[in-house]
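We name chains A, B, ... by the order of the sequence lines, and we start the count at 1 in each one.
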Protein chains: 2
Amino acid sequence: MVSIKDIASAAKVSISTVSYALNGSDRITKETADRIQSIANELGYVPNRAARMLKKRETMLVGVFLTDFSGHFYGDLLFGLKEELNRRDYDLIVCSGRRSHRMIPERAFDGAIILDATFADEELLGYADRGHKLVVLDRELEHANVNQVLLDNKAGATLAVEHLLGQGLSRICAVGGPESAFDARQRMRAVRQAVERAPEASLEELPGAFDKASGYAAGPRIAEAAREGPVGVFCLNDEMAIGLCDYLRTQTSLQIGRDVHVVGYDNIELAQYMQPRLATIDYSKRKWGALAAEQLLKMIEGEARGAGADLRTVG
Amino acid sequence: MVSIKDIASAAKVSISTVSYALNGSDRITKETADRIQSIANELGYVPNRAARMLKKRETMLVGVFLTDFSGHFYGDLLFGLKEELNRRDYDLIVCSGRRSHRMIPERAFDGAIILDATFADEELLGYADRGHKLVVLDRELEHANVNQVLLDNKAGATLAVEHLLGQGLSRICAVGGPESAFDARQRMRAVRQAVERAPEASLEELPGAFDKASGYAAGPRIAEAAREGPVGVFCLNDEMAIGLCDYLRTQTSLQIGRDVHVVGYDNIELAQYMQPRLATIDYSKRKWGALAAEQLLKMIEGEARGAGADLRTVG
DNA sequence: ACTATCCGTAGAAACGTTTCGATAAACCGT
DNA sequence: ACGGTTTATCGAAACGTTTCTACGGATAGT
């Protein structure tokens with residue numbers, strides 16, 4: 001593999017000159033710089049990322065951690081993230097699985113974005129304590145090295161319940177999320193408040209885990225409730241709503257939109273292709289991603305500047 | 001950040017001893033090794049990935065390149081990939097976008113898996129020429145450093161057409177893929193052959209680009225054809241099939257499954273949630289991913305062994 | 001013309017590992 | 001007790017960069 005050294009000997013200059021030239025330093029005359037540049041191109045030189053990482057102590061890489069690659073949820077989010085990072089000359093890397101967590105302490109990137117239930121809060125705090133920069137998505141975590149990008153879960157869940165109440169439904173079911181999920185707790189709290197505010201509305205809470213299976217599992221209880229008249233169901237995310245619809249359609253003769261009104265949350269791509277189209281709470285995932293990137297870069301570059309890279313002893 | 005050096009001085013041994021101990025070499029006595037190990041744990045030592053990459057000239061990382069993160073297609077594939085790689089102690093990294101291509105020549109990973117239309121064949125061959133190991137998914141590319149993992153597109157497409165013919169449909173439409181896509185060409189060729197084999201079947205080919213929009217765009221022509229009796233449509237992938245169904249449902253009164261029979265390809269997750277469920281050609285994406293991983297590792301590790309890592313002059 | 005200043009380039013150290021070869025101590029058999 | 005072998009540890013070089021400091025030559029000022 002051709003290295004800076006090869007260019008140096010080909011151009012009959014020192015390796016430092018090559019380095020300066022290739023990085024566009026004005027210490028080098030334009031002519032030598034151009035000459036070196038073209039020799040580098042000729043030889044097909046590409047800088048070695050590992051060496052640069054090691055020396056500069058920065059990677060220009062940001063990792064995003066997802067619970068899994070199933071992906072329905074993440075397309076737009078990742079798009080937003082990537083765009084914003086690329087604008088600032090960073091690259092995005094997507095990771096999943098417990099194994100890959102170690103890339104954080106190994107300094108494989110300059111910062112990480114966490115949307116991954118396999119990270120415990122304590123684990124994240126541990127990384128933050130050691131100086132790693134993190135952004136957590138829709139999770140509560142207080143630390144100088146952690147930024148949070150939260151959704152307005154309260155507003156969204158309230159909207160969902162009011163949508164159901166507005167259709168004249170007074171018997172509301174809510175299918176919840178895992179106890180550990182911050183956003184699930186926020187949404188459910190808002191549901192309770194919204195139902196309480198309505199004079200004669202009633203609420204039944206059903207357990208869930210944010211996956212299709214739990215929506216399906218909630219089916220029987222909801223079908224039973226629907227025997228006594230139309231019922232409004234708010235599933236705390238779309239996956240569960242889809243699971244529920246699946247149950248209702250295949251295992252009962254209840255009609256969605258008449259006997260049972262379902263509303264989900266997140267507006268995943270699948271939602272719009274359901275028949276009938278699933279009612280859901282939408283928010284801009286792209287913007288969410290861009291915001292997360294911005295928060296992370298603020299921490300990364302903020303420190304780089306703050307550390308006084310340009311301090312020099314004078315006189 | 002704590003380095004091997006810190007451990008060395010804490011343990012009052014040389015850094016080489018620490019390195020050997022931490023890597024489980026039998027040059028070091030068990031007692032010292034244990035002592036060093038526990039000191040490392042105490043100090044919270046984590047090896048620096050960049051340094052190790054630089055020195056060992058390997059990353060234990062594999063990159064997979066996708067056209068975009070939209071994701072419907074990739075969940076299971078990535079799962080299969082990741083599982084297989086993890087079994088062999090490699091980590092998986094997902095990348096997208098032209099910018100990130102450069103990570104290949106920069107040696108950011110030991111090999112890459114390409115399922116990304118933004119790579120031109122020549123670009124890939126260029127990398128391969130420089131010694132980078134690649135696996136291309138459903139793409140034809142001959143090179144010593146490139147392995148291909150192909151799908152049996154011919155069998156799948158034949159199955160799809162025969163499914164339609166078997167339902168008594170004799171007027172077949174096929175919505176194609178981009179001209180540059182190898183799998184699209186293979187599928188379309190099989191379609192033609194299958195139709196020709198059927199005595200009185202006719203085929204109409206419509207252009208497409210593997211996205212929902214092109215399925216939608218094919219709608220008017222298909223609706224027109226359906227006025228003269230039921231027609232069978234094979235969309236060369238599910239995305240287009242879904243786009244077509246969307247058109248038929250919203251813009252016409254034709255009934256899917258009666259006036260128009262649609263079959264797709266890939267069995268993406270969305271397919272099973274369509275109403276009615278989309279007929280499609282299924283294959284194991286998980287297995288596909290595992291196979292790709294295996295092919296790549298064979299090249300990577302094959303070379304490592306072949307290069308005689310264990311050759312030693314004796315006598 | 002002689003020193004002071006500046007400018008372009010070179011030299012060398014450092015980043016954190018791995019690993020080859022060397023070295024000193026301990027062991028063995030006779 | 002002595003050479004020879006083994007054993008545990010150490011020293012140093014190397015991976016490919018970046019970047020601080022040094023240096024020599026040209027230019028400019030008086």
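Counted by atom type alone, B:T59 and B:D110 present one or more donor-acceptor pairs between their side chains at under 3.5 Å.
Between the CE atom of B:M1 and the P atom of C:dT17 there is a distance of 12 Å, rounded to whole Å. Spacing between atom CD1 of A:I28 and atom C1' of C:dA10 amounts to 10 Å, rounded to whole angstrom units. Rounded to a whole Å, the CD1 atom of A:I7 is 11 Å from the P atom of D:dT18. Protein atom CG of A:D26 is 10 Å distant from nucleotide atom P of C:dC7, rounded to whole Å. The distance from atom CD1 of B:I4 to atom C1' of D:dG11 is 14 Å, rounded to the nearest whole Å. Taking atom NZ on B:K55 and atom P on D:dA12, their separation rounds to 16 Å, with Å as the unit. We find that CD of A:E106 is positioned 10 Å from P of C:dT17, with the value rounded to whole Å.
The A:S3 side chain lies nearest to D:dG16 when the options are D:dT9, D:dG16, C:dT9. Between C:dT9, D:dA14, C:dC15, one nucleotide has an atom nearer to the side chain of B:K5 than all others, and that is C:dC15.
With sequence neighbours excluded, the residues satisfying side-chain hydrogen bond (donor to acceptor under 3.5 Å, both in side chains) with B:D129 are B:H143. With sequence neighbours left out, the side-chain hydrogen bond (donor to acceptor under 3.5 Å, both in side chains) criterion links A:Q186 to A:N153. Residues satisfying the salt bridge (Lys or Arg N to Asp or Glu O under 4.0 Å) criterion with A:E84, sequence neighbours excluded, are A:R87, A:R88. Contacts of A:E140 classified as salt bridge (Lys or Arg N to Asp or Glu O under 4.0 Å), with partners at least two apart in sequence or in another chain: none. Judged as a salt bridge (Lys or Arg N to Asp or Glu O under 4.0 Å), and not counting sequence neighbours, the contacts of A:R102 are B:D91. Under the rule for a side-chain hydrogen bond (donor to acceptor under 3.5 Å, both in side chains), the partners of A:S14 that lie at least two apart in sequence or sit in another chain are A:S16, A:T17.
The stretch residues 12-21 of chain B comes close to DNA chain D through B:K12, B:V13, B:S14, B:S16, B:T17, B:Y20, each having a heavy atom under 4.0 Å from the strand. Using a 4.0 Å cut-off on heavy atoms, the residues of residues 33-54 of chain A that approach DNA chain C are A:L54, listed by number.
Within the helix from C:dA1-D:dT30 to C:dT30-D:dA1, the inter-axis angle between the opening and closing five-pair segments is 50°, rounded to 10°.
Note on residues 38-56 of chain A: pairs passing side-chain hydrogen bond (donor to acceptor under 3.5 Å, both in side chains), not counting sequence neighbours, are A:R49-B:E106. Residue pairs satisfying the side-chain hydrogen bond (donor to acceptor under 3.5 Å, both in side chains) criterion with at least one member in residues 114-123 of chain B, sequence neighbours excluded, are listed as follows: B:H101-B:T118, B:H101-B:E123, B:D116-B:T118, B:D121-B:R139, B:E123-B:Y127. Screening residues 10-33 of chain A for salt bridge (charged side-chain N to carboxylate O under 4.0 Å, His left out) gives A:K30-A:D34 as the qualifying pairs, with residues at least two apart or on separate chains.
B:R27 contributes a side-chain N or O that forms a donor-acceptor pair with the base of D:dT9 under 3.5 Å.
Using a distance-only test at 3.5 Å, with no hydrogens or angles considered, no donor-acceptor pair links the side chain of A:Q37 to the main chain of A:A21.
Residue contacts shown for A:R57 are limited to sugar-phosphate atoms, with no base heavy atom under 4.0 Å away.
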